[in-house]
Amino acid sequence: MAKELKIAPSLLSANFANLGGDVEKINHSEADWLHLDVMDGVFVPNISFGFPVLKAVAQMSEKPLDVHLMIVEPQKFIPQIKELGTMMMNVHYEACPHLHRVVQQIKEAGMKAGVTLNPATPVAMLSDIIEDLDMVLLMSVNPGFGGQKFIPHTLRKIQELRELIERSGSHALVEIDGGVNLQTAPLLAEAGVDVLVAGSAVFKAPDMIEIIHQLKNV
Ligand code: DX5
Ligand code: ZN
């Protein structure tokens, strides 16, 4: 039997007029983590939510927090992200000229360290840091918005990443973010990913609990 996928619903597509209700539903689902997308309007052409919202959500969530920072200079916010009780802090490769230092700082703060790659960034850029990483998050859309179409060449990148992880003896998990739904999830499972982020597929579904169950068992 294939290994079990972890599912991380992305709150970006939730009903912001009833965030508490949506977090509550995730709490009662088979979701493994809660994925929180922070955008600054600089690194990506959109703004999502900041610390007041993150704090309220963190207090309600019974799922470990997987925080995806789409911001410049993410290292500035390590203490505040830790303060939320974050399990995994993901920074973008493209936003960190001193990535090695940032990864060490995240781990010293007591969090797991994830590095995210945009669709146009080759997996090989991580070859000198892969052993230090707890996770690699491959973007399968250009970051900034929910509801976009999955970019198919991500499947080839997953294969390259798995090879890099195996070669280096790294324990990094592979997470995919963007355009994940019941059509793309089976391909991703087959390609060997560990964690699927799903925003619109979960929060726009008529039954969130059921869709999470289905994604987990593709
Ligand atoms: C996009 C975010 C995603 C987003 C995914 O920049 O990083 O987490 O919520 O949305 P879907 O699953 O709708 O593609
Ligand atoms: Zn994300």
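In each ligand, atom 1 is the first atom listed, and ligand 1 is the first ligand listed.
Under 3.5 Å, the side chains of E108 and Q104 contain no donor-acceptor pair of N or O atoms. Between the side chains of N181 and T184, at least one donor N or O sits under 3.5 Å from an acceptor N or O.
At a 4.0 Å heavy-atom cut-off, the residues surrounding ligand 1 are S10, L12, H35, D37, M39, H68, M70, M139, P143, G144, F145, G146, G147, D177, G178, G179, V197, A198, G199, S200, listed by chain and number.
Taking the side chain as every heavy atom from C-beta outward, I130 and L161 approach each other to under 4.5 Å. A heavy-atom distance below 4.5 Å is not found between the side chains of V180 and V197.
Judged as a ring-ring contact (aromatic ring centres under 6.0 Å, His included), the pairs with a partner in residues 92-144 (not counting sequence neighbours) are, in order, F43-H92, H68-H92. Annotation: salt bridge (charged side-chain N to carboxylate O under 4.0 Å, His left out) contacts involving residues 7-35, sequence neighbours excluded, comprise D32-K216.
Excluding water, every protein N/O/S atom under 2.8 Å from the Zn ion (ligand 2) is given here by residue and atom: H35 NE2, D37 OD1, H68 ND1, D177 OD2.
Of the residues listed (D37, T116, D66), the one engaging N90 in a side-chain hydrogen bond (donor to acceptor under 3.5 Å, both in side chains) is D66, and it is the only one.
Side chain of T86 to backbone of I81: a donor-acceptor contact under 3.5 angstrom is found.
Look at K157 and E160 and you find no salt bridge, because none of the NZ, NE, NH1 or NH2 atoms lies under 4.0 Å from a carboxylate O.
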